[in-house]
Structures are given as structure tokens and as C-alpha cells.
Amino acid sequence: MSEAKLSKVEHVKIASNRLRGPVDAELHDGTDHFSEEGYQILKFHGIYQQDDRDVRKARKAQGLGPDYSFMIRVAIPGGVLTPEQYLALDRLADELGNATLRVTTRQAIQYHGVRKGGLKPLMQVLNRNLLTTLSACGDVVRNVVACPAPFADRQRAELMRYAKELSDRLKPKSRAYYEIWLDGEKAASLEEHEPLYGDTYLPRKFKIGFAFPGDNCVDVYTQDVGIVPVVEGERLEGFTLLVGGGLGQSHGAKDTHPVLAKPLATVPPGQLFEVVEAIVRVQRDHGRRDDRKFSRMKYLVEAWGLERFKAEVERYVGYALPEARPLAWLSGDDHLGWHAQGDGKLFFGLFVENGRVKENLRAAIREVVRRFSPEVRLSAQQNILFAGIDPADQAAVEAVFRDHGVALPGSIPLAVQNAMACPALPTCGLAITESERVMPEVIREIDGVLARLELHGGPVPHVRMTGCPNGCARPYSAEVGLVGRSLNSYTVYLGGSHLGTRLGQVYLDNVKREEIARRLEPLLTAYKHERLEGEAFGDYCHRVGVEALRERFADLASV
């Protein structure tokens, strides 16, 4: 593609000297924010510049500029943290953040409310604890996710090892991060190069996820590259690769849409890294760079077709790729509650509403980690698993949470426990309306409907909400997806699969937040009386047809 057709961001990347400028100069310029060019390069360092939209108008009326702060995302492959690392992260929330931690849908930790002067000290503490924010954001391969369940079998351990090694392999090689944040020695520019990414890195963000066979807790079909081990007996035989998933879309571009990944091939373990890297290279060389709305790899796979895409990957690696083996899924749930690990120890999955760790919940987690030293694992559904707990400590662990007023799985409504929401307002610059701040009320209203219909014992619909169409909480693959459409209004999607294998369809548009539960009630009533044995709500909506349901309940579905 000619340089004239490159988007503005592509030119910013080229001018950055491999992710240095203008961040290196603007970090110490005495202001409270970065320029637009600096903001774009900051993302590669794991940082988003934000401002408090709740006070934007009032500050403008006073002649003041935006109230700038920063969101910092810590990349944690597979979501695995030592007790010491978790406690270091917890301390930073008070020292430099807004006294909260947020578990993301990609097993990362986010800080919110960090001021410009706190960026470098925060990065240095992370580095001392063997943690990094490098490539947690930006046009690169982002945090590699993996099923976090710490069952003590060799296949699970191998999966986590492959996730960590692949993450390390796909990190940018530029020394800019070390120079700017860690006072590292500056690299000689002529000697430095990016063998995988080049000067312009990838056209857009790139997501990779490892699922465990039968267990789709990471939503593997929503990834640019999904990876599923093939296990026979005790042996890891290979990996089935899925390509071209991605959920983001834009109201302003009608051809944008969510897509689930498609099976590409099943490769032996020794070829995994090479083939995945080739897929990244194909996207690097052929993904669109003129219009960022269409730059994700899903659009390249769609434009070419899977056969041509596979042939190009084969050309990059120099050998033919076998056919993909079929996949079967048993669960998409998130390993909450107590489980035997298989080595005499237990692990405990704790529900964290919308991933926000704050106040009494944060204090309880800190006490558990200090007293019992469990390994901490973050999930792609924004929850936390505590691994390696002695069975003799089970009651004491539960007592800590109860003493802090933290509800435990089993006492939380299933609809609440299965819900997710993105941060949205007041800090996300893309948010059209609320998500995290209103989801607790909305999901409890829906749970009230389920309780009246005596459906709350399960199966209950998985409900996910986002404040804009970008889909960060994966609403399009949920049984009920609520996507911000305009201020206080949402598009309602129905018919996704609780196993994460099917996208939902638009049921209603521009539904006011206060009306969401009421609009779902007739559907849930019909589901109660017409479902097949064991049939999930999303499967029911898909079987009957979302359009048929809309026509059937036209009196309530009119907009």
C-alpha cells in the first residue's frame, strides 16, 4: 500500500523511532498530558490517556482543560501471578492509582486514575516484580490468554507454558520501553530492529487465546488466533488453530461486524510457534492500513476466504498445514467455587463483579494472599482463582471473605455471577453510555424476573454489557448482549451460545436502560414453557429464531 493511503496512526508509528517519540520528550515536559501523537505511542507501552468525562463540561465552563489521568494495563500471560506479585500490584493501587484494581477480560490488571508523574514510578515497581505493561495495548499481539484452571495435570501445565513462551516470543524487541521507563541504556538505532513487527507494527490490535479441550472459559472463537490443544490420553498431540475472530464494530461503518474464528489447521507441538508467527506476519503484510475500522485480521480472512489465507500462511512457513480436527465443547463456565486440583490441594474461584477489586473485597483478597500464599490466577471472565490451598485452610479462607462481607459463589444469583461489563464511563473515551456503573442494577432487575418465573436456579442466561459497539466485554457471543447505542440506550442481542460458539442477533435497538428487564420478561416466560430439557436460553432463542421472537412479541418489541 502506498504511503499516501496510510492512516494517520501509521504515520505516527513510522515517526516514533520504534515507539520512542514523542513519549520520551513529552514525559518530562511539565504538562499533565501527552499530545495526540504521544497518546497513540503510549498504547504500545500499555498506557491509555483518559479524562474524567463526568466533570468535562463543568471544567470547560470554568475555562479549565480536561482532568487527565491514565489507565495502565499490566500484561500477565495466562493471568498467573505469584502471591508476592499480587501484593505488589495491590500496594500500587493505593500509592499511584485510585485505590482499585480491575481484572480485564484478557486476564490483565488495570490501574485507573494514575497521574502523569506516577507513570514512571509505577512502571519501575512493576519491573522489580518481574511484571510489564509492554504491548498490553497497541497494534501488537496483546496479552496472551489461557484457561486459568490450575488442575494438576501435565497438559494444563504445558498449556500455560506454551502461552507464556508464545507471549515472550511475540513481544516487540524495541528497547524504547526500557529506555523511557526503566532508565535503560539507549540502543544504537542502527543496530536495533523489529524482526516481527517492522517500523509500523501491526495494522491493529491482535489477540491470541489458549482454551483447554472442552473448556471454553476464554471465548476462544473471539480471538484473532484461537489455540486448542489436542490431547490423547496423557500426550499432547498438537494444537488446533482458529483464525479471524474479533467482536468490535462501529455504528458509523455499516460493514463492520463481529466475527467468530474459523478452524485453520491442526499442527504438531513443534510447529505451533512458527505457524502462529506466520499468521501474525500475514496480517502484518496484508491487513489494511488505510482505514482502522477495517484493519483487524477478521476482515482479511473474510476478504480472502479461509482457503487463500491458509495458502498464504503455508507460503510463509514453507510447508502444507494439515486439516483442522473437529472440536467439541462441554462448558464455558469460569471455575468458580472450590475444586480439587488433583495434587491434594484445592483451588477457589472467587466472583469479582465486573472485575473491579475495591474496598472490602480488595482488603479480603489481600488478607487471603498474605495469610495463605496462594498462587493467584486471573480469568478471562474477570474473576480470580486462588490455587494451591491446603484443604485444612478451606474454612479459614471462607471466613476471611465472610468477615469482610464478600459474597461467595453459591450465595450469589447465577445471573449476576455470569454477567460481565466493560468500564465505559466516566474514563473510556469511546464509551457512548454507561456499562460498569449500571450493570449491577440491570442484572439484578433481570435476576428479579428470573426469580418471579422460578428460573433463577439455572440454566440462566449469560448477560454482557458494553458502553459502545467495540465489544470489550464480548457481548456479541453472549446469550443476551447489551451494547451501548446512545445515551442511556442499548441494542439488545439474543441467541448467542453459553459455550461461546455462536454470535447473537439484533433483537431490539435503542432500548432504554430502565426497560431492559421488562423487554426480556416475555421472552423468558416463553422460554420457561417452551424450552427443551436442559436447553439454555441462547439455544432456545436460536432454535425458535430471533426474528420470529421479535414478530411474536411485536407489541413489546416496537421501538
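The residues of the chain are indexed from 1 along the displayed sequence.
Checked for salt-bridge contact, Arg59 and Asp52 miss the test: no charged N lies under 4.0 Å from a carboxylate O. By the 4.0 Å N-to-carboxylate-O rule, Arg289 lies too far from Asp139 to be salt-bridged with it. Ion pairing between a basic and an acidic side chain is recognised when a charged N comes within 4.0 Å of a carboxylate O; Arg169 and Glu165 show no such pairing. Classification of Asp224 and Arg204 as a salt-bridged pair fails, no side-chain N sitting under 4.0 Å from a carboxylate O. A salt bridge links Glu179 to Arg20: at least one charged side-chain nitrogen sits closer than 4.0 Å to a carboxylate oxygen. Classification of Asp67 and Arg115 as a salt-bridged pair holds, one side-chain N sitting under 4.0 Å from a carboxylate O.
Evaluation of the side-chain hydrogen bond (donor to acceptor under 3.5 Å, both in side chains) rule for Ser379 yields Asp334 as partners, not counting sequence neighbours.
Between the side chain of Asn129 and the backbone N or O of Leu131, no donor-acceptor pair lies under 3.5 Å. Checking side-chain atoms of Glu194 against main-chain N and O of Asp199 turns up no donor-acceptor pair under 3.5 Å. Side-chain atoms of Arg18 do not come within 3.5 Å of backbone N or O of Pro172 as any donor-acceptor pair. Of the possible donor and acceptor atoms, none in the side chain of Gln249 sits under 3.5 Å from a partner among the backbone N and O of Pro258.
Aromatic ring orientation, Tyr39 versus Tyr48: perpendicular (interplanar angle above 60°, classes split at 30° and 60°).
Checking Leu260, Leu499, Leu247 one by one against Tyr221, the side chain to side chain contact (heavy atoms under 4.5 Å, CB included) holds for a single residue, Leu260. Checked options Met71, Gln50, Arg102; the residue passing with Pro423 is Arg102 (criterion: side chain to side chain contact (heavy atoms under 4.5 Å, CB included)).
Atom NZ of Lys120 is surrounded by more than 12 heavy atoms from other residues, nucleotides or ligands within 6.0 Å. Applying the 6.0 Å contact sphere to NZ of Lys358 captures no more than 12 heavy atoms from other residues, nucleotides or ligands.
Ring centers of Tyr162 and Phe210: at least 6.0 Å apart, outside the cut-off. Taking the six-membered ring where the residue is Trp, the centroids of Phe34 and Phe70 are separated by under 6.0 Å.
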